[in-house]
Every structure is written in structure tokens, then in C-alpha cells.
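These numbers come from the heavy atoms of this one structure, side chains and all, not from hydrogens, waters or symmetry mates. Chain naming here is simple, since letters A, B, ... match the order of the sequence lines and numbering starts at 1 in each.
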Amino acid sequence: MGGHGEVWSERDTTPGAIEAALRKLLREAHEHDQGHVPARVLNLVAVVDRDWRGEVLNRLERVGRYQASRLVLCAVEENRETIDAEVAMTTEGEPKPGEFALMHERVLLEVGPRHLPGLGTLVDPLVVPDIATLAWAPHGHPEALDSLLRLSQVVLIDSVNEPDPAGAVRRAAQLAKHAYVVDLAWLRSTPWRERVAASFDPPQWLPELSRISSVRVRHQPDSAVAGLLFCGWLCSRLGWEPGSLSPANGMLRGRAKGRRQEVELCLEPDPELDVPGLAGVAVGTASGMTISLDRAPGGLSAQRCDSDGCQSAWTVLGASRGEGGIMGEGIRQALLRDPTYRPALGAVEAMLD
Amino acid sequence: MATVEQENPLVEGLERLPVHPTTLVIFGATGDLAKRKLLPAIYNLAHEGALPERFNLVGVSRADQAHEDYRRLARESISEHSRTEPKEEVLAELLERICYVPGSFDDDAVYEQLERDLARFDEEAGIAYNRVFYLSTAPSFFPLIVGKLGEHGLDRRDDADVRVVVEKPFGTNLEEARQLNRAVLEVLDEQQVFRIDHYLGKETVQNMLAFRFANGMFEPIWNRNYIDYVQITAAEDIGIGTRAGYYDSSGALRDLVQNHMLQLLTLLCMEPPTTFSADDVRDEKVKVLHAIHPPDPEHVAAIAVRGQYGPGLEGGEEVPGYLDEEGVPEDSTTETYVALRLEVDNWRWAGVPLFLRTGKRLARKVTEIAVTLKPVPHLAFQAEGSVGVQPNQLILTMQPNEGVTLTLGAKIPGTRMRIRPVNMEFLYGTAFLSQSPEAYERLIMDAMRGDATLFTRDDEVEAQWRICDPILRGWDEGDAPLYAYPAGSDGPDEVEELMPEGRYWRAI
């Protein structure tokens, strides 16, 4: 961001001094120009490894308009005993006469491992009260995240980053008991869920939902959780009873018990896909209809084959959001509530049991 | 058709609900509105993955050109006016679904070609597409096009929906609006007709509903017992630009009051609807319009002031008066400013004057509603050296900075009890991450979805005209003065005559 910007920093500081600096900078910015108005939507508390701080800040820059109002970034450094802090206020340009310029606040904290179990008490005075607080720990540090749950209403995770899908799902389920969870792996499946819902929406095809007999999901090799959540979503929405999935030839295979018939589930890694998320989805029904969706330029390539053999193909329009867009969507979702995530997660837990 | 949201268990929790496959036909496809608003809006919907999963666009216009020429025009329009940077792969895919039918709107060959194209889309996809005909044309073509759609059997179908979107202005007076409604409704059902007032597609206007009906603190005071008067202002700092042809035959009353400003008034004054379904909301709005007694044309001067801007200064620069604008007749008596005093005669609002004013070339651009509450009954704090206790004002600003301001009396720091008004301000821009979509994106999606909440119903249009028509007749037939005001000012001084003693116009 450019424009007006003020910075305060102090070594071996305290939360009280940082909070006072925030108030002082805010007052000074307002005195400089009353058109400088602080954003008051969302706090984001991020806990990251010190060495990756720059990369995380770059990632957060790329979310565009979905910036948190106040970012508290806690960089964890081995052997650190004291707290260093830097507070910055940035405004996107000077306000035009009669208009205002939105101001974002950024608090960078350097902390050591010993601060993590009590990180919540350290951060508590630094978040804007009465707006939502989102906690995010992309480099692990579970004890820090647990400590932040006291003041956070929402936790941001990305289950595709976890090496073990079962462990990722367990952790998500555990966090979901204490806070609303926004999982980027879930958001990666959103366009696919929307399109499958739309494919069955016309009245003549709606009855086929109850005849679904197979679901095949191709995913980037590290993104099995995104595929699992997609299958979990179908199970929970359509009332299927999910059975256990087992590895077979590099894939995960299993069955769910539908109301009319069993449903074959298959998750297949696609090494061709070089970005996290899903590569394709194919849904077949007992009456012989298949619908498939695959990544394509300009959207998703859709194909329908009816029970009488009639085929049609088209492209469902939509621009790829990219990783910056996914992260921005994660921040935006912190202010919304999706009632279908928890049931889908519950179904995935049953599949991996 | 059945309500799909109730039947498809997969739509629960999705932000973008499925929309039935749709073919959108734009009449007037090479016009300014199509190029600047409609085509970019459609691209943005495609970019965000919001269009129906199957979608076709047909442009109809007089220009004799091939499909490829129209696609080129669409590409240029989108590239120039889209709010998001177009992505080539999405744009190319969208353009592939666009075709063009040349011809004049009275030519049967146009509709025969449309019949063939629309049938081909259905056949190729194996489904019955919904059809939305968007009449982005002069109002005089509405009856003709709708009539032709009926003659060619394009007005309805058994297995899908047919809707017609018509642009404003819907008539230039009450009789014309009635004739248009009759002509359109001879062919279509009211449920098929979507009369656009793009103002209703703006987030700011929809926020009025949220403000009033999602906050319990305002409802107890939202009546004649607590509200003293209301001012609705839609001021523009610009002149008429290149729109002299349209504007001189329209004027401020038709251009803004009959539609946008009366929409704001009804949203402000309506009773809480039972549900937010299209008809429940519109029923309540129509009730408000019916509670406003139309003025007697002979007494228009008592409730309306009109003006026309002369030369003046705008932003420190000299600007011409209306009569010196290019394309304006030198003897034009078209009003560029109007102020009205209206009353809503119902239980909630009886005796509360509502002041509306709009104008071109005013001091600044602002659209706001100011609700002034009644003063406190006893002024215990009036002290020397104090501005004193002023009545509270609640100001809903639509532009330029959408927000809510409440003026409060506060003690000036010091040893004495001196009071002055202070502002408690909330700006929507500080509290939301999302960018507001363009009004046309929202309205096009609503029309494709069949949600008419943000569109104007036939009786609503007629009720709006019933209020404005006598004022126009009074001005035409009587000798109501047309006051001059300098460009860059707050409007004509004579507007003060509308305001009862003790009340005042807010500075623009």
C-alpha cells in the first residue's frame, strides 16, 4: 500500500506500550487529515515462523480488498526471550475532498516459543474490540492457536497443507468445537459444489440426485482433503451414510450407503495439476447419466451423457481465483457462516475412521 | 416452475444459487446502455462464475452487421467499461455464446430469426432455456416489440419462463404510463414484466431496508410523534453534458423525482413488509404512494418550486448556464431543479412534511435523507456562549460516502454547561470487505432468477405518476415561475418559501 503511513517501533516492549502506540498513531493520522478513517471489519492474528514472515506478508498483500482491518502478525523466533514490536498505519492514498481514505493497521510482533502458550493474553489488548477476530497459524504452532481461541471467533486453516489428511481432518474437527472454522481446502471445492448443484438443478434432472451411484474426484496430489470435503458434502446433503475409504493403487476408494443404492467413491491424485485444489469431478447415476466437470480455460469444461446416450458439452464460465483470491475469500468467509461445512467435515471423519 | 431452492438439497449454504439456463436477448444491443452497462455487467457475472451454467446472448439492433462484428463491439465495450480487468480466456468463451440479429424492431424477419436461434439453442442443449428479453430501447418501442414477441409466440412457453425487462423512463406522464402498461400487459402477465429503475439495484438503496428493518432502535421513533420533518436530497454538481436532447424534454421532475426519489421516499416511509418477497415489499411501497395526495394543478406553486441554472462557478471554474449548453433551445423552460413538499397521509406519517429536492449544477454531489427529530420539550441547558440544543438529525447518506450520521448534543469541555451539536458517524466503507457489484449486475441476475423485488410494478409506476402528473400539468398550464439559480449554488432562494418557520434546508 502507498499513501500516508506512520510507523512506531520498540524493542523489548510490552502489550500496553504497543496498544498506546496504536492509539497515538490513530490520533495523529486523524489530526493529519480527518478523511483518514480506520477500517473496522476484522482483526487477523497470524502466528508464523520468523523466517517466513516476509512471504506471509506478501501473501496477505495479494488479497486485495479483503485485507483485515488490523493485522497482528506474531513472528516466532527460536531462543527469543523478549518482545519487539512495530506498528504501522497505512492509507491507500490521500483522501479526495469530501471523501475518505481507508486506513489499515499492522502490528508486527517478534516473540519467542516461551510466549506461545500465553499468546492470547499478549494479543488480547492489541485487537480491536467488538469486531470479529480471525486466528491463523500457517506454520503449525498449535499451542499458540489454542491460546488464541479464547479471543477468536474464527480460525483460518488450510487442510491441504497438512501432510496427513486424517490428521488435518481431526484437527479441523477439534478446532470447530471452539470456533467457526474457515478451511481453504473447503473453499477450493466451492466452484465445484456450485456447479454440481447447478447441473442437477433443472427440474428434469433433479430426480437423478437420488440415483447417484458413483462419484470420482481428481485432485492435486497434496489436496486430498479438498476432494474428501467435496465427497463429505455430497454425503451430508444427500443423506448418504459414508463408509470407510481405503487406499488402492494410489487412490482412495470406498462406498457410501445412499437411500436407494450404494455410491462408489473414488479420490484420484492428478499429478498434472500444479495448483492446490480439484482437477475434475465425475458423477454417475443408476439410470446411466453421467456429469463431468474438468478444469478448462475460461472456466470448467462440462459434459453430460444422458441415459439414452445423448451427449452434450459446454463450458461453465468463471475466472480462476488464484491463491491470492482463495486467501482473500478465506478472510471474507470469516464474516459469514456456511452451515454445510461442519456436516461435510463430520462425513469425512466417518470416511477416514 | 417450481421453486428450485426448496427442492435441491445441494443449494443449501451456497452463496451463488443455481439459475436456470437462460438466453438473454438485448433489443438495442448497439446502444449506449448496452455498451456501457449491460455487456460489461454480463462479463463481470461471467468472470465471477455467476451466470447460469448454460447461457446465450443475442443482440438485436438495426445496424446491419455480422455476428463477428457484434462480438468485436462487445469485446471493445467490455474492455473499456468492465469494473474488473477482463481475462482473455473468460472473455473469449463468453463472446462465443454471443450472436447477433440485425433488423428494425417492426420487421417480422427479426422475430422469425429469433425463433430459429432460440429453438436451436434449446435443441443443441437438450433443454428448454428460460428467455429474458431486455428492451434497452426508447420507450416508444416497448409496445411494438412486446406485440411482436406475442405475435411470434415468443411471449411464453410451457416448459420454461419468459421475462421482459424494460428500461426507464416508463412513460412521460400518467396517461402514457397507463397506455404502456396496457400495451405490455395485453401480451404478458405482470409477473413476466421487470421494469428497471437501476437506482434500486444499488447497495445503498437496499441498505435502507436493512437499516430500517434490521435495527430495533429506530422503529419506536419512526413516526409522527418523534419525527419533525424529512428532507431527501439528490444533488449533482455536473450539468447536462451531452444529454440535452433527452434532458430538455424530460427535466428534473421526470428524470429523478418520479422514479429514484419517490423510491427513496417509499423505502423510508413504508411499513415493515410481512416477508421480503417481491409483492409484499411492493405492496407496502404502493400503499405509501397512495397515501400521498396529488396536488391540485392550480395550487402547485404552494408545494413545488422549480428552477433553472444560470452561469456560475463550479469548482472555481466558470461554467455556462443551462440555456447556453449545447443542444438546449434558447427559450427552454425545462427545470433543472425542483423542490417539493409532500405529505404522507397515514397513521404513521400524518402531519410530517417530506421535502424532496434535486438539481443539476449544485454546490456538490450528494444524495441523502435527513430525518429531523422533534426538539426536546424543555431546554434546561441553554447557556450564554452556547450554540444550544439542536434537534437530533439522522442522516442517511447514499453518496458520495455511504453512511449514517446522527447529530447529538454534547457538552463543550469546561466549567459551564454549554452544549453544541456533534456528529456520530458511521461509514459503510469502513465496515465491509466486499465491493458493491454494479447495479446492473444485480438486476440482470435478479431478472434471470425471476426475483422482481427490485423492479417496479405496474401499479407502482402509475402511483408515482399520479403524484408527479399534476405538478407537470400545473407548470404547463399555469404561470408557476421558473427561478434562476447560479451554477455552483444550493439552488434558487425561493425554495425557502416551502419550508415552514423553524425548519431549514440542509446545506448542499
Next on the checklist: Could you measure the distance from the CD atom of B:E402 to the CG atom of B:N207? Nearest 0.5 Å is fine.
Outcome noted: 4.5 Å

Checklist entry - Does any heavy atom of chain B fall under 4.5 Å from the side chain of A:S199, the backbone, both, or neither of them? => result both

Checklist entry - Looking at A:W186, does the NZ or CZ of A:R193 lie under 6.0 angstrom from its six-membered ring centre and within 45 degrees of the ring axis? => result yes

Checklist entry - Quick one: what part of B:L45 sits under 4.5 Å from any heavy atom of chain A, side chain, backbone, both or neither? => result neither

Checklist entry - Under a 4.5 Å heavy-atom cut-off, does chain B meet the side chain of A:L300, its backbone, both or neither? => result neither

Checklist entry - How many angstroms lie between CD1 in B:I42 and OG in B:S77, if you round to the nearest 0.5 Å? => result 11.0 Å

Checklist entry - Listed by residue number, which members of residues 48-55 of chain B have a heavy atom under 4.5 Å from any heavy atom of chain A? => result B:G49, B:A50, B:L51, B:E53, B:R54

Checklist entry - In terms of heavy-atom proximity below 4.5 Å to chain B, should A:P191 be classed as side chain, backbone, both, or neither? => result neither

Item to check | Heavy-atom proximity to chain B below 4.5 Å, by part of A:I131 | outcome: neither

Checklist entry - Just how far is it from atom CZ of A:F200 to atom CG of A:L206, taken to the nearest 0.5 Å? => result 9.5 Å

Item to check | Among the listed options B:R364, B:K87, B:R16, the residue most often paired with chain A at heavy-atom distances under 4.5 Å | outcome: B:R16

Checklist outcome for this item: Applying salt bridge (Lys or Arg N to Asp or Glu O under 4.0 Å) to B:E88 and not counting sequence neighbours gives B:R75

Checklist entry - What pairs of residues pass the salt bridge (charged side-chain N to carboxylate O under 4.0 Å, His left out) test when at least one of them lies in residues 323-332 of chain A, not counting sequence neighbours? => result A:R188-A:E323, A:E329-A:R332, A:R332-B:E15

Next on the checklist: Which one wins on heavy-atom pair count under 4.5 Å against chain A: B:E425, B:E96, B:R97?
Outcome noted: B:R97

Next on the checklist: Under the rule for salt bridge (Lys or Arg N to Asp or Glu O under 4.0 Å), what residues qualify as partners of B:E236, not counting sequence neighbours?
Outcome noted: B:K360

Checklist entry - Which residue out of A:R321, A:R337, A:R195 racks up the most heavy-atom pairs below 4.5 Å with chain B? => result A:R195

Checklist outcome for this item: Whatever's closer than 4.5 Å to a heavy atom in chain B on A:T315 counts as both

Next on the checklist: As an exercise: rank A:G318, A:S320, A:A319 by heavy-atom pairs under 4.5 Å with chain B and give me the winner.
Outcome noted: A:A319

Checklist entry - Any ion pair linking A:K257 and A:E241 (charged N to carboxylate O, less than 4.0 Å)? => result no

Checklist entry - Looking at CG of B:L95 and OH of B:Y70, how far apart are the two atoms once the value is rounded to the nearest 0.5 Å? => result 10.0 Å

Item to check | Pair B:D122 + B:R120, salt bridge at N-O below 4.0 Å | outcome: no

Next on the checklist: Once you measure the plane-to-plane angle for A:W233 and A:F230, does it fall in the parallel (<30°), tilted (30-60°) or perpendicular (>60°) bin?
Outcome noted: tilted

